[in-house]
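See below for the structure under consideration.
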Amino acid sequence: MKKRNIIAISILSANFAVLGNYIKMLEEINFGCWIHFDIMDGHFVPNIALGSSVVKSLRKFTKLFFDIHLMVTNPEKYWKDFQRAGADLITFHSEIKYDKKKLIKNIKLSRTKVGISINPETSISTIEKFLPYIDIILIMSVNPGFSGQNFMKSIISKIENIKKIIDKNKYHCLIEIDGGIDFQTAKICTSAGADVLVSGNYVFSSKNFIEAIKSISL
Ligand code: DX5
Ligand code: ZN
């Protein structure tokens, strides 16, 4: 029996004035939801978003799993701030120039889980060699930078192909999908092999936040 997928709530599109209420609701339903923090430097992506101070303040407030998505050109400079702020998982992008193997090793040495993210146009071959060493592969189903974009169907075959590689080699790496997840695309991604689904706009713009989460927890 396949385990239910994990839902990572992207707070980029949350109403920050009442963010604490949403987090309390997530704790009450006890679905094991993650909190997905989109960190943007205005250089790797054309937007600026959350910083480590938001992670630090929420860490005191909840025990939920913190999933940090670094959309930054120099993650080697910034990942430690997020680890100290209370990150459970730190994901950087495969498109950066820095030594990825060294970055994976350093993040793991801090006893934090580590992931690599690939943009829609980035091929699996660029990250295949890292799969044995990482805890999660974050597959972008939108071009990174903004919440509320449409899901790119072209990444479905990418999920299936990565799932085949992971299963064939018995890697422990989870597959996380990020961008445009709603009750339709959640089904498609889960049957293609996704383990974790990031959702922001769909859950926060729905009339009922919890019902929306239940509709994508498959
Ligand atoms: C986009 C971010 C995503 C985004 C997801 O660059 O990485 O996490 O906020 O939000 P939705 O679910 O609205 O696409
Ligand atoms: Zn993200």
Side-chain angles (χ1 to χ4, degrees), residues 5-16 19 22 26 33-52 54-55 58 64-73 75 78-79 82 87-96 113-122 127 134-156 158-159 174-190 194-218:
N5 58 21
I6 296 168
I7 304 301
I9 304 295
S10 163
I11 59 172
L12 186 63
S13 46
N15 172 355
F16 273 71
L19 182 56
Y22 285 114
L26 292 175
C33 290
W34 295 359
I35 305 287
H36 183 86
F37 295 80
D38 287 306
I39 312 303
M40 303 178 186
D41 63 1
H43 183 257
F44 184 81
V45 291
N47 194 2
I48 297 211
L50 312 168
S52 57
V54 175
V55 178
L58 289 178
L64 290 177
F65 187 91
F66 281 7
D67 166 18
I68 310 296
H69 179 191
L70 295 180
M71 287 163 274
V72 299
T73 300
Y78 299 106
W79 73 268
F82 291 90
D88 294 294
L89 161 68
I90 294 176
T91 298
F92 60 86
H93 267 259
S94 66
E95 297 84 5
I96 60 161
K113 292 196 179 304
V114 62
I116 290 187
S117 182
I118 48 174
N119 285 337
E121 77 284 355
T122 301
I127 50 91
I134 58 176
D135 300 289
I136 207 157
I137 172 84
L138 178 64
I139 301 175
M140 294 307 296
S141 36
V142 295
N143 286 311
F146 298 92
S147 176
Q149 300 178 75
N150 291 331
F151 178 86
M152 297 165 81
K153 288 200 170 57
S154 57
I155 67 112
I156 296 166
K158 201 183 244 186
I159 305 173
L174 295 179
I175 300 172
E176 182 174 15
I177 312 301
D178 190 3
I181 295 295
D182 59 22
F183 74 100
Q184 279 165 326
T185 55
K187 277 197 204 105
I188 297 169
C189 293
T190 305
D195 305 291
V196 185
L197 303 175
V198 177
S199 186
N201 187 53
Y202 172 65
V203 294
F204 285 113
S205 63
S206 295
K207 274 197 290 310
N208 186 315
F209 177 65
I210 298 302
E211 287 311 313
I213 293 172
K214 286 181 181 166
S215 72
I216 56 177
S217 306
L218 308 163

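FYI, side chains are in, hydrogens and waters are out, and symmetry mates aren't considered; it's all heavy atoms of this structure. Just so we're clear, the structure is a prediction, and the values are computed from it rather than from any experiment. Indexing begins at 1, ligand by ligand and atom by atom, following the structure's order.
- Taking only nitrogen or oxygen atoms, main chain and side chain alike, G180 reaches within less than 3.5 Å of ligand 1.
- For D178, the N, O or S atom closest to the Zn ion (ligand 2) goes by the atom name OD2.
- The N/O atoms of N143, backbone and side chain alike, include none that comes under 3.5 Å of an N/O atom in ligand 1.
- With a 4.5 Å cut-off on side-chain heavy atoms, F66 and F82 do not count as touching.
- Under a 3.5 Å cut-off, the side chain of K158 and the backbone N or O of P120 do form a donor-acceptor pair.
- When each of V45, D41, T91, N47 is tested with M71 by the rule side-chain contact (heavy atoms from CB on, under 4.5 Å), just one qualifies, namely V45.
- Taking the Zn ion (ligand 2) as the corner point, the angle from H36 atom NE2 to D38 atom OD1 is about 90° (rounded to 10 degrees).
- Here the side chain of S141 pairs a donor or acceptor atom with the backbone of D178 at under 3.5 angstrom.
- Distances from atom 1 (C) of ligand 1 to the heavy atoms of F146, F37, F204, F151 put F146 nearest.
- A donor-acceptor distance shorter than 3.5 angstrom exists from the side chain of S13 to the backbone of N201, with no hydrogens or angles considered.
- Proximity of G148 to ligand 1 is established by a heavy-atom distance of less than 4.0 Å.
- On a distance-only criterion, I181 and ligand 1 share no N/O pair closer than 3.5 Å.
- For the pair S10 and ligand 1, the shortest N or O to N or O distance falls below 3.5 Å.
- Counting heavy atoms under 4.0 Å from ligand 1, residue Y202 does not touch it at all.
- Looking at heavy atoms from C-beta onward, W34 lies in side-chain contact with I6 at the 4.5 angstrom threshold.
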Determine, stepwise, if the pair H69 / D67 fulfils side chain to side chain donor-acceptor pair (under 3.5 Å).
-> CA-CA 7 Å; H69 179 191; D67 166 18; over 6 Å; no
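- By the criterion of a heavy-atom distance under 4.0 Å, the side chain of D38, and not its backbone, is placed next to ligand 1.
- For the pair S147 and ligand 1, the shortest N or O to N or O distance falls below 3.5 Å.
- The name of the N, O or S atom in H69 nearest to the Zn ion (ligand 2) is ND1.
- For ligand 1, the polar-atom distance check finds no N/O of M40 at less than 3.5 Å from any of the ligand's N/O atoms.
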